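Below you'll find the structure, written out as structure tokens, and then a few comments.
Owing to the predicted nature of the structure, the values given are computational and were not obtained by experimental measurement.
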Amino acid sequence: MTIDIEKESCIKCGKCVRVCPAYILTQENPKDEIGRRNVHTCIACGHCVDACPTDSVIHSEFPAQKVHVLKRDILPDPDQLMELLKARRSNRAFLSSAVPEEYLRRIVDAAHLAPTASNGQEVCFTVVTNPDLLKEISEITINTFESTVKKISNPLIKPILGFISPEAKGAVPKLNAVIAKQRSGIDAILHDAKAVLFIHTPASSNFGRQDANLAYQNASLMAESLGVSQFYTGYVCIGIDLDKKRKLSQLLNIEGKIHAGMALSMPAFKFQKYTERKEVDLTFLS
């Protein structure tokens, strides 16, 4: 990896120095030439290239074809963004039609743009649209719940469970309700969604869960802007955490750890209103 400063065009504004998270670029005094140190520690975030007003930062990881001018005139203003956030709902009323592949790809592209710890960019995506696999995802989740309830209800474990894991004991009624609904023929896990997006990272990733959930938020907002209904696959994620045999990961050929999932379908209808949430719990410490 190499980083060069084109001296002829550099105006020595120091913006590249101020934004570098690895402190690779240096400037002793205002208007001094830009220096470099420990280039091998660069995390290839591209901040220096993007901040430079004269294209004077030459970075081997970002040739000209990978650098683009932002169209700031089409960015949403704060009111427009807030309206999109208000519109985003966990809508489980779906049409039977498939989500267009173009939409799914744009949702993943948006997720991929999310920040990652140290710019690791280790987040991976698996999109499932195969109806048989979707059914299997629900079945594996329910089987895991049934196995968990059976263990929790074991007469030898039940008396001490309240001391070891009070939350597990309290989860039994909810798990039983989900199991009963699923076994009655209602898809209580995916609600007959036509696609599921799984967000995962290598098992070695130190910040996999955090990175994945940042990606999820990007994906969710893009889905909303495209008019695609979505909801967080919380039950599936709980099942993944409970299943030590990694059945779902094996089914989908995912090597690492699944951290988040999003069920997607075209909506049967769109919400025309939004209801206010509880008052925000905010503390300023100044």
Side-chain angles (χ1 to χ4, degrees), residues 43-46 88 90 92 94 98-145 147-148 171 175 178 182 187-226 228-265:
I43 62 173
C45 64
R88 188 247 174 263
S90 296
R92 295 171 174 81
F94 300 144
V99 180
E101 183 176 327
E102 177 192 354
Y103 287 6
L104 295 172
R105 290 186 179 276
R106 294 196 72 178
I107 289 167
V108 171
D109 286 344
H112 183 58
L113 287 173
T116 56
S118 299
N119 195 41
Q121 298 187 49
E122 297 179 310
V123 181
C124 303
F125 307 92
T126 296
V127 177
V128 181
T129 58
N130 182 296
D132 292 333
L133 285 178
L134 292 171
K135 289 179 181 178
E136 190 65 19
I137 290 167
S138 291
E139 187 64 21
I140 288 174
T141 301
I142 285 297
N143 287 341
T144 301
F145 287 175
S147 175
T148 300
L175 291 179
V178 174
Q182 186 77 18
D187 185 2
I189 304 300
L190 297 180
H191 296 268
D192 298 315
K194 299 305 175 186
V196 174
L197 166 63
F198 287 109
I199 306 175
H200 48 97
T201 63
S204 59
S205 178
N206 291 325
F207 297 95
R209 188 175 295 274
Q210 293 87 341
D211 289 347
N213 281 290
L214 285 171
Y216 181 95
Q217 291 301 322
N218 272 24
S220 180
L221 291 177
M222 176 55 79
E224 191 64 44
S225 73
L226 290 167
V228 179
S229 288
Q230 86 269 196
F231 66 86
Y232 192 90
T233 58
Y235 284 138
V236 178
C237 291
I238 291 171
I240 289 169
D241 288 340
L242 291 171
D243 181 18
K244 305 308 177 185
K245 294 183 178 179
R246 302 181 69 252
K247 293 178 184 176
L248 187 57
S249 295
Q250 291 177 14
L251 174 71
L252 304 177
N253 293 317
I254 294 174
E255 292 291 336
K257 173 69 175 175
I258 300 172
H259 299 289
M262 178 186 296
L264 298 144
S265 272

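- Heavy atoms from other residues, nucleotides or ligands lying under 6.0 Å from CD of Glu101 number 12 at most.
- Side chain of Thr144 to backbone of Ile140: a donor-acceptor contact under 3.5 angstrom is found.
- Taking OG1 from Thr148 and CG from Leu175, the interatomic distance works out to 7.0 Å, rounded to the nearest 0.5 Å.
- Environment of CD in Glu255: sparse, with no more than 12 heavy atoms of neighbouring residues, nucleotides or ligands closer than 6.0 Å.
- Scanning all heavy atoms of the two residues, the minimum distance from Gly261 to Cys237 falls at N-SG, 3.8 Å.
- Smallest separation of non-hydrogen atoms from Ser249 and Gly256: OG-O, 4.3 Å.
- A donor-acceptor distance shorter than 3.5 angstrom exists from the side chain of Asn218 to the backbone of Ala110, with no hydrogens or angles considered.
- Side-chain contact between Leu264 and Lys194 is absent, with no heavy atoms from C-beta onward closer than 4.5 Å.
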Apply side chain to side chain contact (heavy atoms under 4.5 Å, CB included) to the pair Ile258 and Ile199, showing each step before the final yes or no.
-> CA-CA 6 Å; Ile258 300 172; Ile199 306 175; over 6 Å; no
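- The ring pair (Phe, Tyr, Trp, His ring centres under 6.0 Å) with His191 is formed by just one residue from the set Phe231, Phe94, Tyr235; it is Phe231.
- Aromatic ring centres of Phe125 and Phe198 lie farther apart than the 6.0 Å criterion allows.
- Once rounded to the nearest 0.5 Å, the distance linking NE2 of His112 with CD1 of Ile107 reads 16.0 Å.
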Walk me through it: do Gln182 and Asp187 pass the test side chain to side chain contact (heavy atoms under 4.5 Å, CB included)?
-> CA-CA 5 Å; Gln182 186 77 18; Asp187 185 2; 3.7 Å; yes
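- Between atom CD1 of residue Ile240 and atom CG of residue Leu248 there is a gap of 5.0 Å, rounded to the nearest 0.5 Å.
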Yes or no on side chain to side chain contact (heavy atoms under 4.5 Å, CB included) for Leu134 and Thr129, after CA distance, side-chain angles and deciding distance?
-> CA-CA 7 Å; Leu134 292 171; Thr129 58; 5.7 Å; no
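- Looking at every heavy atom in both residues, Leu197 comes nearest to Ala219 through CD2-CB, 4.2 Å.
- At distances below 3.5 Å, at least one donor-acceptor pair connects side-chain atoms of Asn130 with backbone N or O atoms of Leu133.
- With contacts defined as side-chain heavy-atom distances shorter than 4.5 Å, the pair His259/Arg209 qualifies.
- Between Val228 and Ser265 the shortest side-chain heavy-atom distance does not fall below 4.5 Å.
- In the model, Glu122 has no side-chain atom that pairs as donor or acceptor with a side-chain atom of Thr201 under 3.5 Å.
- Taken from CG in Asp109 to CG in Leu104, the straight-line distance is 11.0 Å, to the nearest 0.5 Å.
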Test log, rule side chain to side chain contact (heavy atoms under 4.5 Å, CB included), inputs Tyr232 and Met262 | CA-CA 5 Å; Tyr232 192 90; Met262 178 186 296; over 6 Å; no
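- The structure places CG of Leu190 at 7.0 Å from OG1 of Thr141, a figure rounded to the nearest 0.5 Å.
- Using modelled atom types, one side-chain atom of Lys244 and one backbone atom of Asp241 make a donor-acceptor pair closer than 3.5 Å.
- Distance alone, capped at 3.5 Å, is enough to place a donor-acceptor pair between the Gln250 side chain and the Lys245 backbone.
- Of all heavy-atom pairs between Ile189 and Ser138, the closest is CB-OG, 3.6 Å.
- Distance check, rounded to the nearest 0.5 Å: CG of Leu251 to CG of Asn253 gives 8.0 Å.
- For the pair Ala260 and Tyr216, the tightest heavy-atom approach, listed with the atom from each and the gap, is CB-CD1, 4.3 Å.
- Salt-bridge annotation for Asp192 and Lys135: absent, with no side-chain N of the basic residue lying under 4.0 Å from a carboxylate O of the acidic one.
- Within a 6.0 Å sphere centred on CZ of Arg246, heavy atoms belonging to other residues, nucleotides or ligands number more than 12.
- The local environment of CZ in Arg88 is crowded, with over 12 non-hydrogen atoms from other residues, nucleotides or ligands closer than 6.0 Å.
- Put simply, the side chain of Thr116 gets close to the backbone of Gly120: a donor and an acceptor are under 3.5 Å apart.
- Side chain of Asn119 to backbone of Ile43: a donor-acceptor contact under 3.5 angstrom is found.
- Using modelled atom types, one finds a donor on one side chain and an acceptor on the other under 3.5 Å when comparing Ser220 with Gln230.
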